[in-house]
There are 2 protein chains.
Amino acid sequence: MLTAQINGLTDFPTVHPASPEGFARRFDLPMRERSIPKQQDLLLPDLAHLLLAGQACRNRVLRDGRRQITAILIPGDICDPEAILAQRADYAVNTLTRCTVGEIPLARIAALDHHDLTDALNRRLRREEAIAREWIVSLGRRVGIERMAHLLCELHWRLAAVGLVIGDSFEMRITQSDFADALGLTSVHVNRVLKSLRDSRLIHLHGGRLTLLDRPRLERLAQFDPAYLETSAVPV
Amino acid sequence: MLTAQINGLTDFPTVHPASPEGFARRFDLPMRERSIPKQQDLLLPDLAHLLLAGQACRNRVLRDGRRQITAILIPGDICDPEAILAQRADYAVNTLTRCTVGEIPLARIAALDHHDLTDALNRRLRREEAIAREWIVSLGRRVGIERMAHLLCELHWRLAAVGLVIGDSFEMRITQSDFADALGLTSVHVNRVLKSLRDSRLIHLHGGRLTLLDRPRLERLAQFDPAYLETSAVPV
DNA sequence: CGGTAACTTGAAGATGCTCAACTTGAGTGG
DNA sequence: CCACTCAAGTTGAGCATCTTCAAGTTACCG
């Protein structure tokens with residue numbers, strides 16, 4: 001079994017135990033697994049990509065090298081829903097940690113033309129747009145420490161929804177540099193923000209595992225309201 | 001005729017001459033027009049709202065009053081596609097200028113259950129998400145002047161697509177304060193950024209009309225690439 | 001156990017903010 | 001048509017957040 005096999009690797013990050021490959025199974029689609037090192041481009045042409053383990057991101061790089069992450073992907077997420085729905089994705093997807101992806105030929109998806117499937121994808125897209133809106137609020141109107149707090153609350157909530165949180169702690173191997181590119185900050189400032197959160201006893205980070213020590217206070221600091229994530233509980 | 005009637009008002013901003021109410025007509029939906037002053041809440045319950053004239057925005061306000069605009073709406077845009085697709089919209093919509101909206105009862109839309117309609121809405125949603133991604137890049141990685149340049153390029157492109165640009169100039173009555181809330185800046189800084197763009201002879205603003213004096217240079221400054229807007233030309 | 005990526009810290013500087021005063025301009029009523 | 005009013009725009013000065021540059025230190029991986 002895939003799940004057992006992955007869990008056997010001791011340092012393998014954030015596996016979705018609720019078998020996200022259920023997506024492929026539900027619609028009877030062939031899926032090939034692939035393991036990818038961290039900091040690599042992930043998308044291959046003519047395939048849809050389902051993230052099974054690890055964390056990835058969508059990002060854009062400006063001509064002068066400035067990089068902005070526009071979304072963080074966790075197990076169970078589809079990396080490129082636009083590839084399925086619109087035959088194109090206008091972004092790159094990179095791994096933030098070592099990842100396992102499930103690859104499904106686009107041709108097979110197109111062939112089955114399943115109404116439930118496009119419905120499910122569109123529901124996911126609406127949720128992703130809600131997340132994007134919240135990122136816009138963060139980037140526009142929250143200061144560094146609030147931005148970081150909000151992102152950690154979001155990740156906690158999303159990881160919990162797929163069973164990857166124990167207590168208030170979860171695996172977190174994203175580098176400070178990548179956090180910086182997600183939060184619109186520099187890695188130096190991310191480091192200071194994290195130190196400040198540690199000093200305030202709001203978080204604890206050790207051995208690639210992050211613990212939210214005082215989630216209520218963290219959520220208050222971030223003005224985090226999970227309503228935007230709850231709405232479409234998004235099966236499939 | 002609606003279009004003629006609106007165009008009769010001399011100071012009425014950015015009317016979509018290509019009759020955006022074609023949306024309602026195409027699907028044979030009843031639409032009531034309503035005129036709304038600037039800086040007002042726009043959404044009413046149990047209705048879908050189509051923007052016919054003027055400019056509006058989706059926004060969120062934090063507890064301490066900080067406000068972030070997450071999207072700018074122009075004639076032809078649907079203010080609350082989520083209200084139609086998911087029976088809820090987790091944002092407020094405000095008018096930025098005086099507006100005319102077309103209101104369509106949600107019950108009537110739900111009743112017809114037209115597949116083309118949900119398809120069209122989902123296509124619009126994907127385009128909006130592409131715009132949101134670009135806003136994330138701007139807010140995260142562009143400095144003030146680049147952010148403003150990029151937004152002006154975006155508005156130029158979108159307004160041109162609905163026939164509201166003459167030469168390189170279009171009606172623009174959004175206040176500097178609202179620009180600030182869209183760009184994650186203060187109105188004071190927006191003022192300085194606009195002055196700088198004026199001094200560089202990149203834009204000209206007079207009598208509520210904005211002219212892009214050197215669009216190629218402005219687009220280079222913003223690193224603007226209209227691909228994300230072109231993709232789904234979005235009829236309906 | 002050596003090498004490299006990631007993290008940490010300090011100091012100086014840039015971008016953008018806050019506060020405050022003033023100017024301009026559009027809409028209103030006399 | 002003018003005076004009045006209030007919202008919007010403009011400008012200056014000082015300050016906060018965050019950046020840049022640079023020099024370490026730690027931790028992971030082969």
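Throughout, protein chains are lettered first and strands after them, A, B, ... in sequence-line order, and every chain is numbered starting at 1.
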Using whole Å, what does the distance between atom [atom2] of nucleotide [N] and atom [atom1] of [X] come to?
X      : N      : atom1 : atom2 : answer
B/K195 : C/dT24 : NZ    : P     : 14 Å
B/R141 : D/dT20 : CZ    : C1'   : 13 Å
B/R142 : C/dG16 : CZ    : C1'   : 18 Å
B/H206 : D/dG9  : NE2   : P     : 15 Å
A/L194 : C/dT9  : CG    : P     : 11 Å
A/I145 : D/dA16 : CD1   : P     : 17 Å

Select base, sugar-phosphate, or nothing to describe what B/Q39 touches, counting heavy atoms under 4.0 Å on all strands.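 Touches sugar-phosphate only.
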side-chain contact (heavy atoms from CB on, under 4.5 Å) involving B/D225 - partner list, sequence neighbours excluded: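 Listed in chain order: B/A227.
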So if I take residues 57-71 of chain A and measure heavy-atom distances to DNA chain C, which residues fall below 4.0 Å?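 Nucleic-acid contacts, sorted: none.
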Mind running a 4.0 Å heavy-atom check of residues 178-191 of chain A against DNA chain C and sending the residues that fall below it, in number order?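 Those residues are A/V188, A/N191.
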Does a side-chain N or O from [X] land closer than 4.0 Å to OP1 or OP2 of [N], or not?
X      : N      : result
B/R173 : D/dA7  : no
B/Q176 : D/dT11 : no
A/R192 : C/dA11 : no

Provide the full list of salt bridge (Lys or Arg N to Asp or Glu O under 4.0 Å) pairs with a residue in residues 157-169 of chain A, sequence neighbours left out, each pair given once.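 Of all non-adjacent pairs touching residues 157-169 of chain A, those that pass salt bridge (Lys or Arg N to Asp or Glu O under 4.0 Å) are A/D77-A/R158, A/E154-A/R158, A/D168-A/R215.
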Tell me, which pairs form a salt bridge (Lys or Arg N to Asp or Glu O under 4.0 Å) where one or both residues lie in residues 182-198 of chain A, sequence neighbours left out?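 Only A/K195-A/D199 qualify under salt bridge (Lys or Arg N to Asp or Glu O under 4.0 Å).
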Applying salt bridge (charged side-chain N to carboxylate O under 4.0 Å, His left out), run through A/R127 and B/E129 and close with a yes or a no. CA-CA 11 Å; A/R127 190 177 117 127; B/E129 198 175 343; over 6 Å; no
Indicate yes or no: does [X] engage [Y] in a salt bridge with an N to O separation below 4.0 Å.
X      : Y      : result
A/R58  : A/E128 : yes
B/R60  : A/E134 : yes
B/R173 : B/E171 : yes
B/E146 : A/R66  : yes

Compute the bend angle of the helix from C/dC1-D/dG30 to C/dG30-D/dC1 from the end axes (five pairs per end), rounded to 10°.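 The angle separating the two end axes equals 50°.
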Is a side-chain donor-acceptor pair under 3.5 Å present for B/S169 with B/R209?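 On atom types as modelled, these side chains qualify, holding a pair under 3.5 Å.
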Applying the side-chain hydrogen bond (donor to acceptor under 3.5 Å, both in side chains) test to A/N94, which of A/D181, A/D178, A/N59 qualifies?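 Going through A/D181, A/D178, A/N59 one by one, the side-chain hydrogen bond (donor to acceptor under 3.5 Å, both in side chains) with A/N94 is satisfied by A/N59 alone.
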